[in-house]
Amino acid sequence: MVDVFSGRLLMNKDGHLVDPEEALQNKIVGLYFSAAWCSLCREFTPTLCDFYSELVEEAPSPAPFEIVFISSDRSSEEMVDYMQETHGDWLALPFHDPFKHELKKKYNITAIPKLVIVKQTGEVITDKGRKHIRERGLNCFRNWVEGANVFENFCT
């Protein structure tokens with residue numbers, strides 16, 4: 001995943017720039033294509049926030065997982081407000097980074113919300129992350145880990 005964002009910076013919820021090499025190393029990444037104006041996105045985001053919190057922030061041993069928000073908002077202000085109001089403490093591609101268009105094309109994003117779960121290489125584990133979380137909750141992460149083929153003896 002580090003390769004996908006090589007030479008770019010991500011930002012955290014507070015607006016600080018983050019080096020993706022450090023933040024995403026050895027993690028399964030959920031690319032979250034979403035926007036504040038999208039009602040389905042606003043409906044799913046709290047569920048994703050809870051999932052992330054339970055998996056990463058509240059677990060005794062945090063799972064090797066990170067979310068990168070790829071915005072389809074109409075302005076950077078709208079994106080920042082959406083992140084601060086409803087997002088978990090995850091990362092985002094800055095609004096003005098044109099790379100978001102390449103990512104949408106690479107991962108065949110034709111509608112939002114879309115949660116694409118990827119390996120370190122950027123290869124897709126599943127493009128049905130939203131469906132998996134809704135149907136299986138935290139249990140879906142174990143399947144993603146197995147699909148990533150990068151972690152051994154991990155228990156959720």
Side-chain angles (χ1 to χ4, degrees), residues 1-6 8-14 17-36 38 40-59 61-73 79-80 82-95 97 99-151 154-156:
M1 195 62 231
V2 173
D3 295 344
V4 173
F5 290 105
S6 181
R8 304 199 173 275
L9 290 173
L10 298 174
M11 59 186 260
N12 65 17
K13 190 174 180 176
D14 297 326
L17 295 177
V18 175
D19 180 357
E21 189 167 335
E22 291 177 27
L24 304 178
Q25 189 169 21
N26 297 322
K27 293 183 180 177
I28 290 173
V29 177
L31 299 175
Y32 185 42
F33 297 86
S34 179
C38 167
L40 289 174
C41 299
R42 283 198 164 278
E43 179 187 311
F44 177 67
T45 300
T47 303
L48 181 59
C49 190
D50 290 345
F51 176 84
Y52 181 84
S53 292
E54 288 181 47
L55 197 62
V56 177
E57 296 170 353
E58 297 169 7
S61 177
F65 180 66
E66 188 56 69
I67 295 172
V68 178
F69 170 48
I70 314 298
S71 175
S72 290
D73 288 301
M79 174 186 162
V80 169
Y82 180 42
M83 287 175 65
Q84 290 177 346
E85 289 170 15
T86 62
H87 284 204
D89 193 21
W90 55 67
L91 303 174
L93 186 68
F95 181 80
D97 191 326
F99 189 54
K100 65 183 171 185
H101 303 294
E102 291 177 46
L103 289 171
K104 288 176 186 178
K105 186 175 181 182
K106 176 180 174 107
Y107 294 106
N108 196 29
I109 305 305
T110 57
I112 57 173
K114 189 75 161 184
L115 180 63
V116 181
I117 308 301
V118 296
K119 300 179 188 184
Q120 281 288 292
T121 59
E123 278 182 82
V124 174
I125 295 170
T126 181
D127 64 356
K128 294 177 175 47
R130 179 174 161 239
K131 180 181 181 194
H132 289 182
I133 289 171
R134 285 182 172 270
E135 292 177 357
R136 300 185 211 142
L138 293 176
N139 292 327
C140 66
F141 186 73
R142 182 184 310 264
N143 293 3
W144 299 344
V145 168
E146 290 168 4
N149 218 8
V150 293
F151 303 104
F154 181 79
C155 296
T156 53

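Residue numbers count from 1 along this sequence.
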Any heavy-atom pair between the side chains of F44 and Y32 that's under 4.5 Å? yes
With the side chain counted from C-beta on, respond yes when L10 and L24 share a heavy-atom pair under 4.5 Å apart, and no when they do not. yes
Applying side chain to side chain contact (heavy atoms under 4.5 Å, CB included) to V118 and Y107, what does each step give before you reach the verdict? CA-CA 10 Å; V118 296; Y107 294 106; 3.8 Å; yes
Tightest non-hydrogen contact, residues D73 and F95, listed as O-CE1, 3.2 Å
Closest heavy-atom pair, A92 versus M83, reported as atoms and distance to 0.1 Å, is CB-CE, 3.7 Å
So that I can tick it off, tell me whether E43 and R130 are bridged by a salt bridge, with the cut-off set at under 4.0 angstrom between side-chain N and carboxylate O. no
Under 3.5 Å, is there a donor on one side chain and an acceptor on the other for Y82 and S34? yes
Using the side chain to side chain donor-acceptor pair (under 3.5 Å) rule, pick out the option among E66, H87, E58 that qualifies with Y52. E66
Which heavy-atom pair separates V68 from V29 by the least distance, and what is that distance? CG2-CG1, 3.9 Å
Does a side-chain heavy-atom distance below 4.5 Å link E85 with R42? yes
Looking only at non-hydrogen atoms, find the nearest pair between M11 and P94 and report the distance. SD-CA, 3.9 Å
When rounded to the nearest 0.5 Å, the distance separating CD1 of I70 from NZ of K104 is 9.0 Å
d(E57 CD, D89 CG) to nearest 0.5 Å is 5.5 Å
Do the side chains of C41 and I112 get nearer than 4.5 Å, heavy atoms only? yes
Quick check: closest heavy atoms across F99 and V4, and the distance to 0.1 Å? CZ-O, 3.2 Å
Give me the atom names and distance for the closest heavy-atom approach of P20 to L9. CD-CA, 4.2 Å
Quick check: do L31 and L115 have side-chain heavy atoms less than 4.5 Å from each other? no
To the nearest 0.5 Å, how far apart are CG in L91 and CG in L17? 11.0 Å
What is the ring orientation for F141 with F65, classed by angle as parallel under 30°, tilted 30 to 60°, or perpendicular over 60°? perpendicular
Side chains of I109 and L103, heavy atoms from C-beta outward: is any pair under 4.5 Å? no
Might you work through the side chain to side chain contact (heavy atoms under 4.5 Å, CB included) test for H132 and I117, ending with a clear yes or no? CA-CA 10 Å; H132 289 182; I117 308 301; over 6 Å; no
Heavy atoms, side chains only, cut-off 4.5 Å: are H101 and K105 in contact? no
Does NZ or CZ of K100 lie under 6.0 Å from the centre of the six-membered ring of F69, at an angle within 45° of the ring axis? no
Spacing of D127 atom CG and K114 atom NZ [to the nearest 0.5 Å]: 4.5 Å
